[in-house]
Amino acid sequence: MFKSYETELAGRKLVIETGKLAGLANGNVVVKYGDTVVMVNVTASKEPKEGIDFFPLSVDFEEKMYSVGKIPGSYTKREGKPSDKAILVSRAIDRPLRPLFPKDFRNDVVVVATVLCVEQDNSPEVAAMIGASAALSISDIPFGGPTAAVNVGLVNGEIVINPTEEQRKISDLNLTVAGTAEKVAMIEAGANEVPDDVMLEAIKKGHEEIKKVCQFIQKIKDEIGKPKFAYKSFAVDHDLYEELEKDYTEKMKTAVQEIDKDTRDNNVAALTEEIENALAEKLGEEELEKRKQEIGEAVYKLEKKCVRDMIFYEHKRVDGRAIDEIRPLSCEVGLLPRTHGSALFTRGQTQVMSIVTLGMKSEEQELDGIDTETAKRYMHQYNFPGYSVGEAKTSRGPGRREIGHGALAEKALVPVLPSKEEFPYAIRVVSEVLSSNGSTSQASICGSTLALMDAGVPIKAPVAGIAMGLITKDDKYTILRGSRIRYSESYTPKKVWEQNKKNITADGYLLCDIGDLVISAAAKLIEGMSTNGKELDAPERIMGENETYSVTFDSSKTMEETDGKMINPKEKSEFCGEDSSVFKLMGFEQKKDNAKMQGIVEQNAVFEYT
């Protein structure tokens, strides 16, 4: 039966319709926000996926070019693989939803948000996030929502909910907030040095709007929502866990307290084998084999409890550090003699190498999407190979996580780049993760700052990144300040990433990203990590509430000192014409290419490689 519900969001009409389209899906809604229209369908498998220890949720944000009256620019003239932006939106939809499914649920769930029509003033991303929550809420799929989301801008010092296209162009803040009626679930922001108090106020105002939308969706659910279906539970056996907790807690605490990751992993593996041998004597080999996955999950739960208790009650981590202590840092620049810029950033057992390449402005990445952005000159790419965690895994191209982490670093560094007029070059940075035992996305930000300076890019100030963790119990919490290792990344999924710059105090947010349900979070840390030598260890001292780890960078390197020598054009004839060396170097062969070259040479610096 067709139903239509209407409310108001940021002064514009928000309509949710259901019962007309996609009748075989578990849940379907069409969200209309102004003239933006997004259809969301959710489905779930009837049986759980066997042999996995996680919840298999998939989210796809489908950008349809007809939604903006465009024909796709590919040879096939149809939509292909999702764009980087579509992947980022899919991840943003996923993050506030995932914690609200039952922990013991293993059925496949697929959320598909299809963009049917776009009015640039009304974000299809926000419509998709609201639609995903509404579709799941009215479906028969077990889900603890609803959730909702809004964009928040800062225009001329005023906080604006769901800013229009023109407002977004001049906004100092691009903040997406998602949450339930009770809590903030996800924050993702790029900013131009926005102060802490302004950022917090923006989050609060965003959550006020979220509460209203959640109440709206709850009313729809109460009226037409389907009963939730029964499912096979994969909860850890309570009696088994209590037995392990009673007999092996002290051994587990001893096993996890190691500085070296491999040693710690080997200790836990040895204890797991000891537990399995003891249970084999009690249960028999056949029963042990049947329950091996269940036993593994019980051991993991015990490991998690030991680590959390150690942090929460003893205020120390498994590698012996205090909860506000950063691991040893080191930085090295100029590693690669024939690249424009390179740097190696190491934090404990986490190591990232970043490499910079500079090119003509015409080498900007062209974008073919449903928004008004058609190109970008700064491209940040992140690679996470199997060897970085000791796994024998071949590379199959970047996954969604790698694309997300590259975009995170890109968003952090864009505000400090020189303008196109000051620096008319396309910039590509590739961050290669060499070893991972902590936040590699933040290490890539630190390494990339160094590599950009090594390439002679006149950035406005150094940028550094730090990851935070939050452990809660009842109404109390403990914050882990930076330098997460695998345990705190797995067991404290509440994350904050922030870059502060200039001198030793934080001027404000460039980037903030928080995932999973949190009470509140704010972070102040790290001004800049850089070096004027080949090797330098950063201080590792905690200096109170506003601690900063700072290494001075005194770079006098200029563009001309890179291997790609910059030529400043004086006369157009030096670069255009069939006999010019640049013309031959660029491989232009037809007259139309010569005309193109003349059109762009005034806007571009040209590289001559020797």
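Residue indices begin at 1 and follow the sequence shown.
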*Results of side-chain hydrogen bond (donor to acceptor under 3.5 Å, both in side chains) for E287 - residues two or more places apart only*: none

*Salt-bridged, K305 to D309, with N to O below 4.0 Å?*
yes

*Decide if atom CG of L336 counts as having more than 12 heavy atoms of other residues, nucleotides or ligands within a radius under 6.0 Å.*
yes

*SB check E294 R291 (cutoff 4.0 Å)*: yes

*Any chance CD of E286 has more than 12 other-residue heavy atoms, nucleotides or ligands included, within less than 6.0 Å?*
no

*Pairs flagged by salt bridge (Lys or Arg N to Asp or Glu O under 4.0 Å) wherever residues 386-400 is involved - sequence neighbours left out*: D60-R400

_Straight-line distance of L279 CG to E281 CD, nearest 0.5 Å_ = 9.5 Å

*Please tell me if the side chains of I187 and L175 come closer than 4.5 Å, counting only heavy atoms from C-beta onward.*
yes

*Do other residues, nucleotides or ligands put more than 12 heavy atoms under 6.0 Å from the NZ atom of K292?*
no

*Atom CG of N107 and atom NZ of K232: how far apart are they, to the nearest 0.5 Å?*
10.0 Å

*Going by atom types only, do T350 and S436 share a side-chain donor-acceptor pair under 3.5 Å?*
no

*T449 and V463: which non-hydrogen atoms are nearest, and at how many Å?*
OG1-O, 2.6 Å

*Any chance CD of E314 has more than 12 other-residue heavy atoms, nucleotides or ligands included, within less than 6.0 Å?*
yes

*asked:* To the nearest 0.5 Å, what is the distance between CG on L173 and CG on N151?
replied: 10.0 Å

*Return yes if a side-chain donor-acceptor contact under 3.5 Å exists between Y387 and S435, otherwise no.*
no

*Closest non-hydrogen atom pair, A298 against Y241*: O-CD1, 3.8 Å

*asked:* Here's a test for you: under side chain to side chain contact (heavy atoms under 4.5 Å, CB included), which of Q349, R327, Q257 qualifies with D319?
replied: R327

*Result of checking Y231, F101, F55 against F143 for ring-ring contact (aromatic ring centres under 6.0 Å, His included)*: F101

*Measure the spacing between CG of L417 and CD1 of I459 and express it to the nearest 0.5 Å.*
8.0 Å

*Using a strict cut-off of less than 4.0 Å between a Lys/Arg side-chain nitrogen and an Asp/Glu carboxylate oxygen, indicate whether R95 and E188 qualify as a salt bridge.*
yes

*Indicate the atoms forming the closest heavy-atom contact of A343 with L450, along with that distance.*
CB-CB, 3.4 Å

*In Å, rounded to the nearest 0.5 Å, how long is the span from CE of M186 to CE of M129?*
3.5 Å

_A side-chain contact here means heavy atoms from C-beta on lying under 4.5 Å apart; do M310 and K316 qualify?_
yes

*Short side-chain to backbone donor-acceptor contact, T180 and K183, under 3.5 Å*: yes

*Provide the closest heavy-atom pair for V150 versus G206 in the form atom of the first, atom of the second, distance.*
CG2-O, 3.6 Å

*Should the heavy atoms of other residues, nucleotides or ligands under 6.0 Å from NZ of K211 be counted, would the total exceed 12?*
yes

*Looking only at heavy atoms, which two atoms of S448 and H380 are closest? And how far apart?*
OG-CE1, 2.8 Å

*Can the positive tip of R428 be found less than 6.0 Å from the middle of the six-membered ring of Y378, inside 45° of the ring normal?*
no

*asked:* Do R401 and F384 have side chains that approach each other closer than 4.5 Å (heavy atoms only, starting at C-beta)?
replied: yes

*Does the side chain of L288 come within less than 4.5 Å of I295's, by heavy atoms?*
yes

_What I want to find out is whether E125 reaches K85 closely enough, with some N-O distance under 4.0 Å, to be called a salt bridge._
yes

*Mark yes or no for whether E410, through its side chain, and A407, through its backbone, hold a donor-acceptor pair below 3.5 Å.*
no

*Within the distance-only criterion (no hydrogens, no angle test), does the side chain of D94 pair as donor or acceptor with the backbone N or O of S90 below 3.5 angstrom?*
no

_Point-to-point distance, once rounded to the nearest 0.5 Å, from CG of L408 to OH of Y382_ = 10.0 Å

*For residues V256 and V318, report the shortest heavy-atom separation together with the two atoms involved.*
O-CB, 3.2 Å

*Knowing that exactly one of P398, S441, S444, S439 qualifies, which makes a side chain to side chain contact (heavy atoms under 4.5 Å, CB included) with H405?*
S441

*Are the side chains of V430 and E432 in touch, meaning some heavy atoms are under 4.5 Å apart?*
yes

*Where the side chain of T254 meets the backbone of E250, is there a donor-acceptor pair that is under 3.5 Å apart?*
yes

_Using side-chain heavy atoms (C-beta onward) and a distance below 4.5 Å, is S58 in contact with D108?_
no

*asked:* Quick one, V152 and I159 - any side-chain contact, counting heavy atoms below 4.5 Å?
replied: yes

*Within-4.5 Å side-chain heavy-atom neighbours: N383 and V433*: no

